[in-house]
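Shown next, in structure tokens, is the structure this report addresses.
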Amino acid sequence: MTGTFPHTRLRRARATAWSRAMHRETILTPADLIWPLFITEGEGIEEPIDSLPGVSRWSVDLMVERAREAADLGIPCLALFPNTERERRSDDGKEALNPDNLMCRALRAIRDALGDSIGLLTDVALDPYTSHGQDGLLGEDGYVLNDETVEVLVGQSLNQAAAGADIIAPSDMMDGRIGAIRDALEDEGHTNVQIMSYAAKYASAFYGPFRDAVGSRGLLKSDKKTYQMDPANTEEALREVEMDLDEGADSVMVKPGLPYLDIVRRVKETFEVPVFAYQVSGEYAMIEAAVAAGTGDRDALVLETLLAFKRAGCSGVLTYHAAHAARLLHG
Ligand code: PBG
């Protein structure tokens, strides 16, 4: 309830730092952050990514150091993405099923070094493994096949779970994959492996730098509009989320992040389940471009945007600024 001026002056509560702290409705902590990291072959390798200034690909040994850094900062979970060598990519993406692929080696190395002190989320989709850069298998006409792809995604998920993944995160947008993956995880005894579904994932112009990071941008000949959602749609997002929850998703994700906070809010209010958002590569790059151009303050932009996700209803945010933000939050 709001009274009338001057009995009510909303600026009273804002007049001092202690009072602002006392009235703050939304709190951001390092536990709200999931840190996406890119893996590369070799040892002692850090490869900076030009289109994501400040973000690098790390070889497995250095990835273990990043994991330790995250755990020390109170970041609860990493999201891992491999940059698969060209010669290991194929039309059918079968490297995704190799128990010794880059992803699996990174999972085992981090688990060996850190035990259960950090969560490991793995992306399920074939784009880091296909020679055409699409997330699934291609039919004759170039259409991404649904059911055939789901079969491979099930194998990819089991491969990741066997290597130590805690959260399987399908980002492929095939229909029916959550149920198929859940069934397979149960059958294989991975009953406590969670599924965080990229449930409302849009065909977005904000993914470009990520595709550089995993090495798929140059390979991709067309867009992903036959499986990722039309940015115009909200009702459809609710249907996507409902299906994934019915099929056994433990939590759902909205992606990209900031331009889609309305979707976060609607999903949260409709389903009252844990909702995460992905502040994607293009969003990160936009903040860094603003900083480089001298038109924005990095620390303030990072904390404000991340807080906005929490305010909209997110349980957590995947962000390339996770380590930086956690450091800021520790003061
Ligand atoms: C792959 C995948 C993408 C992202 C996460 N998983 C790219 C895409 O769908 O083309 C994007 C993340 C980002 O831009 O930071 N399926």
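We count ligands from 1, going down the list as the structure has it; atoms in each ligand are counted the same way. One is the number of the first residue; the rest follow in order along the sequence.
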For atom 12 (C) of ligand 1, the closest protein heavy atom turns out to be Phe210 CD1, 3.3 Å
With a heavy-atom distance limit of 4.0 Å, tell me whether Tyr320 approaches ligand 1 through its side chain, its backbone, both, or neither. side chain
Distance filter under 4.0 Å to Gln228 heavy atoms, resulting ligand 1 atoms: 8 (C), 9 (O)
Under a 4.0 Å threshold between the charged nitrogen and the carboxylate oxygen, would Lys201 count as salt-bridged to Asp172? no
Angle between ring planes, Phe38 versus Phe81, binned at 30° and 60°: parallel, tilted or perpendicular? tilted
Please write down residue, atom name and distance for the protein heavy atom closest to atom 9 (O) of ligand 1. Lys201 NZ, 2.7 Å
Under 4.0 Å from a heavy atom of Lys255: which atoms of ligand 1 are those, numbered in the order shown and with their elements? 2 (C), 3 (C), 4 (C), 5 (C), 6 (N), 11 (C), 12 (C)
Using a 4.0 Å cutoff against the non-hydrogen atoms of Lys224, which atoms of ligand 1 qualify? 8 (C), 9 (O), 10 (O)
If the cut-off is 4.0 Å to any non-hydrogen atom of Asp127, which atoms of ligand 1 fall inside it? 1 (C), 2 (C), 16 (N)
Looking only at heavy atoms of Glu283, does any of them come nearer than 4.0 Å to an atom of ligand 1? no
Using a 4.0 Å cutoff against the non-hydrogen atoms of Ala125, which atoms of ligand 1 qualify? 16 (N)
Test: Glu235 and Arg266 ion pair at under 4.0 Å: yes
Tell me whether Arg86 at atom CZ has more than 12 heavy atoms from other residues, nucleotides or ligands lying less than 6.0 Å away. no
Show which atoms of ligand 1 fall inside a sub-4.0 Å distance from at least one heavy-atom site of Ser171. 1 (C), 2 (C), 6 (N), 16 (N)
Check this for me: does any side-chain nitrogen of one of Arg182 and Glu186 sit under 4.0 Å from a carboxylate oxygen of the other? yes
So for atom CD, which belongs to Glu43, do other residues, nucleotides or ligands contribute more than 12 heavy atoms lying within a distance under 6.0 Å? no
Is Arg265 salt-bridged to Glu269, going by a charged N under 4.0 Å from an acidic O? yes
So, Asp244 and Arg177, do they make that salt bridge, N to O below 4.0 Å? yes
Side chain, backbone, both or neither: which part of Ser281 comes within less than 4.0 Å of ligand 1 when only heavy atoms are counted? both
Using a heavy-atom cut-off of under 4.0 Å, does the side chain or the backbone of Val280 touch ligand 1, or both, or neither? both
For Glu151, does the CD atom sit with more than 12 other heavy atoms under 6.0 Å from it, leaving out its own atoms? no
Checking heavy atoms under 4.0 Å, the part of Asp172 that sits near ligand 1 is neither
